[in-house]
J.: 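Input: one structure, supplied below.
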Number of protein chains: 2
Amino acid sequence: MDNNCYQFMTYNITQSDFERSFCPVACALDELGDKWTLLIIRDLLLGKKRYQEFLTSPEHIATNILADRLKKLESAGFVTQQAYQQKPLRYQYALTQKGKDLGPVLQALVDWGKIYYPNSKVLSPTS
Amino acid sequence: MDNNCYQFMTYNITQSDFERSFCPVACALDELGDKWTLLIIRDLLLGKKRYQEFLTSPEHIATNILADRLKKLESAGFVTQQAYQQKPLRYQYALTQKGKDLGPVLQALVDWGKIYYPNSKVLSPTS
DNA sequence: ATCCATTACTTGCATATTGCAAGTAATGGA
DNA sequence: TCCATTACTTGCAATATGCAAGTAATGGAT
């Protein structure tokens, strides 16, 4: 990454900067490709912010997986942590622009899912 | 599933018919939520049909994973197998309508990825 | 006829990820 | 003092992944 040749605002990219390939689909799946991450993004898009709120979603994510994913989502720049109280220090989570911009992807998936899982129901902010 | 009460063209659904929840996003991720499945769909949308063609994609999927995913994609109704020769019997794969209809989802993901992985490159049918 | 290549997988095994349950730290309220 | 709440962490068994090698059925070249 830092190979001592100044190129302001850019740098030489190598294959290793991308996990598997330069394809945007592969890049996206390196960060989002599992059973849980996009469900957390869905919840955030629906307005959920706190740990307990994510736990109450109908898929019942395990607490260790939730903690792991929130950490990874933060370090990948999809969410930010913000303290909502001191004593005890407590954080809530919010989507960055990168995270918010997944809205159309989720919407396309929902549009597709409503056709192929006709008995599925789109979640509202309260479910 | 079959509980002896006739309801032509429909049946009583229960939570267990859906892996984790009734949400179309969760239903979709139950079938597509991993690092490889959508890359195979991408390849099929680009026109790839045969085992060796999938193996030459730049992400270098392992052969056992590819065999497993093709099997799962077939049993989930995303692809069909069709013999392209006898002696030895050899199959190629094609997307069903369910699979083809993921095109807009992939496109939304690519549109997003081109913004957030600006050095990524969209694959052409030959790459 | 023998050898090598190709295609489409399967198998074995070490490592990584997941799911489930339980535990922890720091508080607030009855 | 005791119980509840919030946001996690830890332990561990089960499952999935990655890598290398092996297999079966053929075709083509020497």
Side-chain angles (χ1 to χ4, degrees), chain A residues 15-16 18-21 25-26 28-41 43-44 47-76 79-94, chain B residues 15-16 18-21 25-26 28-41 43-44 47-76 79-94:
Chain A
Q15 179 77 34
S16 69
F18 295 88
E19 291 290 319
R20 291 182 294 181
S21 77
V25 177
L29 291 178
D30 284 334
E31 297 184 323
L32 304 169
D34 69 79
K35 292 215 180 314
W36 292 108
T37 302
L38 282 175
L39 291 179
I40 297 173
I41 303 275
D43 283 353
L44 285 159
K48 294 192 179 190
K49 292 169 168 46
R50 295 184 191 177
Y51 205 86
Q52 289 302 316
E53 292 181 287
F54 301 120
L55 291 180
T56 62
S57 286
E59 296 84 14
H60 299 110
I61 189 170
T63 58
N64 57 340
I65 305 289
L66 175 58
D68 176 78
R69 292 307 186 279
L70 287 172
K71 206 174 295 172
K72 285 178 177 166
L73 282 172
E74 204 201 351
S75 69
V79 305
T80 50
Q81 260 193 340
Q82 42 198 217
Y84 69 90
Q85 66 168 44
Q86 310 290 327
K87 302 184 60 182
L89 192 53
R90 289 284 155 76
Y91 293 101
Q92 62 188 17
Y93 298 90
Chain B
Q15 179 78 34
S16 69
F18 296 87
E19 292 289 320
R20 291 182 293 179
S21 78
V25 177
L29 291 178
D30 284 334
E31 298 185 321
L32 304 169
D34 69 79
K35 291 215 180 316
W36 292 109
T37 302
L38 281 176
L39 291 179
I40 297 173
I41 304 275
D43 283 352
L44 286 159
K48 294 192 179 190
K49 292 169 167 47
R50 296 183 190 177
Y51 205 86
Q52 288 301 318
E53 293 181 288
F54 301 121
L55 291 181
T56 62
S57 286
E59 295 84 14
H60 299 110
I61 189 171
T63 58
N64 56 341
I65 305 290
L66 175 57
D68 176 79
R69 291 306 186 280
L70 287 172
K71 205 174 295 172
K72 285 179 176 165
L73 282 172
E74 204 200 351
S75 69
V79 305
T80 51
Q81 260 192 339
Q82 42 199 215
Y84 69 90
Q85 67 168 43
Q86 310 290 328
K87 305 185 60 185
L89 192 54
R90 289 284 156 76
Y91 293 101
Q92 62 189 16
Y93 298 88

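Basis for what follows: all heavy atoms, side chains included, without hydrogens, waters or symmetry-related copies. Since the model is a prediction, treat every value here as computed from it, not as a measurement.
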J.: Quick check: on DNA chain D, is the nucleotide nearest Tyr84(A) upstream (toward 5') of the one nearest Asn64(A), or the reverse? Name the residue that is more 5'.
T.: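 Going by which nucleotide is closer to the 5' end, it is Tyr84(A).
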J.: Expressed as a whole number of angstroms, how long is the span from Lys35(B):NZ to dA16(C):P?
T.: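 It works out to 14 Å between those atoms.
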J.: Hey, is the side chain of Tyr93(B) poking within less than 4.0 Å of OP1 or OP2 on dC9(C), counting only N and O atoms?
T.: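 Yes, because at least one side-chain N or O of Tyr93(B) sits under 4.0 Å from OP1 or OP2 of dC9(C).
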J.: Separation of Gln92(A) atom CD from dT6(D) atom P, in whole Å?
T.: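 Between P of dT6(D) and CD of Gln92(A): 13 Å.
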J.: Measure the distance from CG on Leu66(A) to P on dT17(C) and round it to the nearest whole Å.
T.: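 To the nearest whole Å, that distance equals 18 Å.
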J.: With both distances under 3.5 Å as the test, what is the Watson-Crick or G-U wobble partner of dG12(C)?
T.: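 Base-paired to dC19(D).
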J.: Rounded off to whole Å, could you give me the CD1-to-C1' distance for the Ile65(B) and dT11(C) pair?
T.: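 Nearest whole value for this atom pair: 13 Å.
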J.: Between Lys35(B) (side chain) and Asp30(A) (backbone), is there a donor-acceptor pair under 3.5 Å?
T.: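 Indeed, once roles are kept as given, a pair shorter than 3.5 Å links the two residues.
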J.: Which is more 5' along DNA chain C, the nucleotide nearest Ala62(A) or the one nearest Arg90(B)? Just name the residue.
T.: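 Here Arg90(B) is the residue nearer the 5' end.
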J.: Given 3.5 Å as the limit, does a donor-acceptor pair link the side chain of Glu53(A) with the main chain of Thr56(A), or not?
T.: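 Flag not set: sc Glu53(A) to bb Thr56(A) has no pair under 3.5 Å.
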J.: Distance check needed: dT18(C) P versus Lys72(A) NZ, whole Å only.
T.: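 Going from NZ in Lys72(A) over to P in dT18(C) covers 6 Å.
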J.: Asp34(B) has an atom CG; how far is it from atom P of dT15(D), in whole Å?
T.: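 My rounded result for the distance is 18 Å.
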J.: Please confirm whether the shortest side-chain N or O distance from Arg69(B) to OP1 or OP2 of dT17(D) is below 4.0 Å.
T.: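 Arg69(B) to dT17(D) OP1/OP2: side-chain N or O found under 4.0 Å.
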J.: Any chance the side chains of Tyr93(A) and Gln81(A) put a donor and an acceptor closer than 3.5 Å?
T.: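 Per modelled atom types, Tyr93(A) and Gln81(A) side chains form a pair under 3.5 Å.
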J.: Can you check the Gln85(B) CD to dT6(C) P distance for me, whole Å?
T.: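 These atoms are roughly 15 Å apart.
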J.: Given 3.5 Å as the limit, does a donor-acceptor pair link the side chain of Tyr51(B) with the main chain of Thr63(B), or not?
T.: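 Yes, the answer is positive, given that a donor and an acceptor are paired below the 3.5 Å cut-off.
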J.: Paired with dA26(C) by Watson-Crick or G-U wobble geometry, both distances under 3.5 Å: which nucleotide is it?
T.: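 Paired with dT5(D).
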J.: Using the closest heavy atom to pick a nucleotide of DNA chain C for each, name whichever of Glu53(B) or Lys87(A) lands nearer the 5' end.
T.: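 Of the two residues, Glu53(B) wins.
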J.: Specify the separation, in whole Å, of atom CG of Asp68(B) and atom P of dC19(D).
T.: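 Interatomic distance, CG of Asp68(B) to P of dC19(D): 16 Å.
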J.: Does Trp36(B) place a side-chain N or O at less than 4.0 Å from the phosphate oxygens OP1/OP2 of dA16(D)?
T.: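 So the side chain of Trp36(B) is outside the cut-off, no N or O lying under 4.0 Å from OP1 or OP2 of dA16(D).
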J.: Measure from the side-chain heavy atoms of Gln52(A) and tell me the nearest of dT6(D), dA20(D), dA26(C).
T.: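 Comparing dT6(D), dA20(D), dA26(C) against the side chain of Gln52(A), the answer is dT6(D).
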J.: Show your reasoning for whether side-chain hydrogen bond (donor to acceptor under 3.5 Å, both in side chains) applies to Ser57(B) and Lys48(B).
T.: CA-CA 10 Å; Ser57(B) 286; Lys48(B) 294 192 179 190; 2.9 Å; yes
